[in-house]
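Structure, as structure tokens:
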Amino acid sequence: MQDLVLKDCDTFYGKAQALHGVTLSVSVGQITSIVGRNGAGKSTLLKTLMGLQPLSRGQRLMGDNDLSDRAPHQLNKLGLAYVPEDRQVFPNLTVMENLAVSTFAHRTLEWSADKVLELFPRLGERRTALGGVLSGGEQQMLAIGRALLCNPRFLLLDEPTEGLAPIVVEQLVKAICRIRDAGVGVVLVEQNLSIPLSISDTILALETGRVRWAGPAGQVRDTPTLLDEFIGV
Ligand SMILES: Nc1ncnc2c1ncn2[C@@H]1O[C@H](COP(=O)(O)OP(=O)(O)OP(=O)(O)O)[C@@H](O)[C@H]1O
Ligand SMILES: [Mg+2]
């Protein structure tokens, strides 16, 4: 299966450079975590993968295909789905309506609303509730569910567990592992290491828009202080 790769990428907000020569490789069926402090460039990196931030330099590749110039909707069709930090659930639609608007007819229909409810039983209990009244955890589940209905090969998640109760975090982490087991390549942004250490295959540490360390999560498990310099407070 083809990897999703960013190669030597720069991106800017106006004149301010946000990413400097960043390289990242993501495999299907694996979890790649991006960690780093506030403002390190984690969200920018996800936006750059998704085509929401233009590449000033470097390439976006899927296997041998150069996707550097593709727009977000094209990348979505090619198998990328993105859940932003603010989740963007439709507040005036119910859970089921939120899922319905995202049901795309593309590729094999591996994911359906029923499968999303199986993954997140809580959403089934809340199926007629409006998006706007859901708890943060429920909104996150719905946002991930919506993204899955695009049948992504790669799912980009920006701090999905931020601010959520430990029990909800645990449910989300289990679901992310099941999504990985279904063959999706997950890119997970987290500020700290605890979840990345427990579930990722690969970890990449960013600092001021630069990759400071990237490698197998096992290496960080063996040397827990390895990334302190880049993500410690
Ligand atoms: N829309 C924007 N316009 C201008 N500068 C931006 C914009 N978004 C982010 N930046 C800047 O780019 C840099 C990287 O920001 P980014 O949001 O990617 O960091 P982050 O690692 O996701 O941080 P956080 O942990 O706070 O979410 C920061 O210096 C930030 O101020
Ligand atoms: Mg961010």
Side-chain angles (χ1 to χ4, degrees), residues 4-26 31-60 68 70-73 75-76 80-89 136-137 139-144 146-147 152 154-166 168-169 172-173 176 179 185-200 202-215 217 220 226-233:
L4 174 66
V5 175
L6 273 187
K7 217 168 166 179
D8 209 11
C9 287
D10 290 352
T11 193
F12 290 76
Y13 292 107
K15 284 184 180 159
Q17 187 164 358
L19 294 181
H20 302 256
V22 169
T23 293
L24 162 75
S25 179
V26 187
I31 299 174
T32 300
S33 293
I34 299 164
V35 297
R37 295 188 186 96
N38 272 326
K42 306 178 297 296
S43 298
T44 302
L45 180 47
L46 283 198
K47 287 179 198 161
T48 307
L49 270 172
M50 194 65 217
L52 295 161
Q53 254 305 109
L55 291 172
S56 302
R57 187 173 68 93
Q59 286 177 298
R60 180 190 304 101
S68 304
R70 303 298 170 95
H73 69 279
L75 293 169
N76 184 249
L80 272 61
Y82 165 64
V83 180
E85 209 166 357
D86 62 5
R87 300 163 191 149
Q88 293 183 3
V89 160
Q139 285 191 4
Q140 187 64 51
M141 291 170 190
L142 182 54
I144 294 175
R146 253 186 5 190
F154 298 98
L155 177 64
L156 318 181
L157 302 175
D158 199 345
E159 301 202 38
T161 66
E162 195 195 4
L164 302 179
V168 182
V169 171
L172 283 169
V173 167
I176 290 168
I179 293 165
V186 178
V187 186
L188 177 66
V189 162
E190 285 284 326
Q191 263 196 42
N192 64 49
L193 264 178
S194 59
I195 295 170
L197 271 187
S198 67
I199 63 172
S200 345
T202 305
I203 292 179
L204 180 145
L206 276 182
E207 190 183 44
T208 55
R210 293 176 177 82
V211 178
R212 295 303 191 184
W213 191 88
V220 189
L226 194 63
L227 304 182
D228 280 4
E229 190 185 339
F230 315 124
I231 59 176
V233 279

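For reference, positions follow the sequence shown, starting with 1. Every number for a ligand or one of its atoms is a count from 1 in the order of the listing.
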Check your understanding: Can a protein heavy atom be found under 4.0 Å away from atom 12 (O) of ligand 1?
Key -> yes
Between [X] and [Y], is any pair of side-chain heavy atoms under 4.5 Å apart?
| X | Y | result |
| --- | --- | --- |
| I203 | L197 | yes |
| E190 | S33 | no |
| K42 | Q191 | yes |
| P72 | L52 | yes |
| L157 | I144 | yes |

Considering only heavy atoms of [X], which atoms of ligand 1 have at least one such atom less than 4.0 Å away?
| X | result |
| --- | --- |
| E159 | 25 (O), 27 (O) |
| R37 | 21 (O) |
| T44 | 14 (C), 15 (O), 16 (P), 18 (O) |
| Q191 | 25 (O) |
| S43 | 17 (O), 18 (O), 20 (P), 22 (O), 27 (O) |

Please report which non-hydrogen protein atom sits nearest to [atom], along with the residue it belongs to and the distance in Å to one decimal place.
| atom | result |
| --- | --- |
| atom 25 (O) of ligand 1 | K42 NZ, 2.7 Å |
| atom 6 (C) of ligand 1 | Y13 CD1, 3.3 Å |
| atom 19 (O) of ligand 1 | G41 N, 3.2 Å |
| atom 26 (O) of ligand 1 | N38 OD1, 2.9 Å |

Practice item. Would you confirm whether T202, through its side chain, and G215, through its main-chain N or O, come within 3.5 Å as a donor-acceptor pair? Key: no
Review point. Is the backbone of F12 close enough, under 3.5 Å, to the side chain of Q53 for a donor and an acceptor to pair up by distance?
Key: yes
Review point. Any nitrogen or oxygen of K47, main chain or side chain, under 3.5 Å from a nitrogen or oxygen of ligand 1?
Key: no
**Study point:** Any N or O of A18 closer than 3.5 Å to N or O of ligand 1
**Key:** no
Point to revise | Distance-only side-chain donor-acceptor flag, D10 / S56, under 3.5 Å | key: no
Exercise for review: Answer yes or no for N38: is there an N/O/S atom below the 2.8 Å cut-off from the Mg ion (ligand 2)?
Suggested key: no
Practice item. Just go through G14, G39, G36 and tell me whose heavy atom is the nearest to atom 29 (O) of ligand 1. Key: G39
Exercise for review: Mind listing the closest non-hydrogen atom pair of F154 and V26 along with its distance?
Suggested key: CE2-O, 3.6 Å
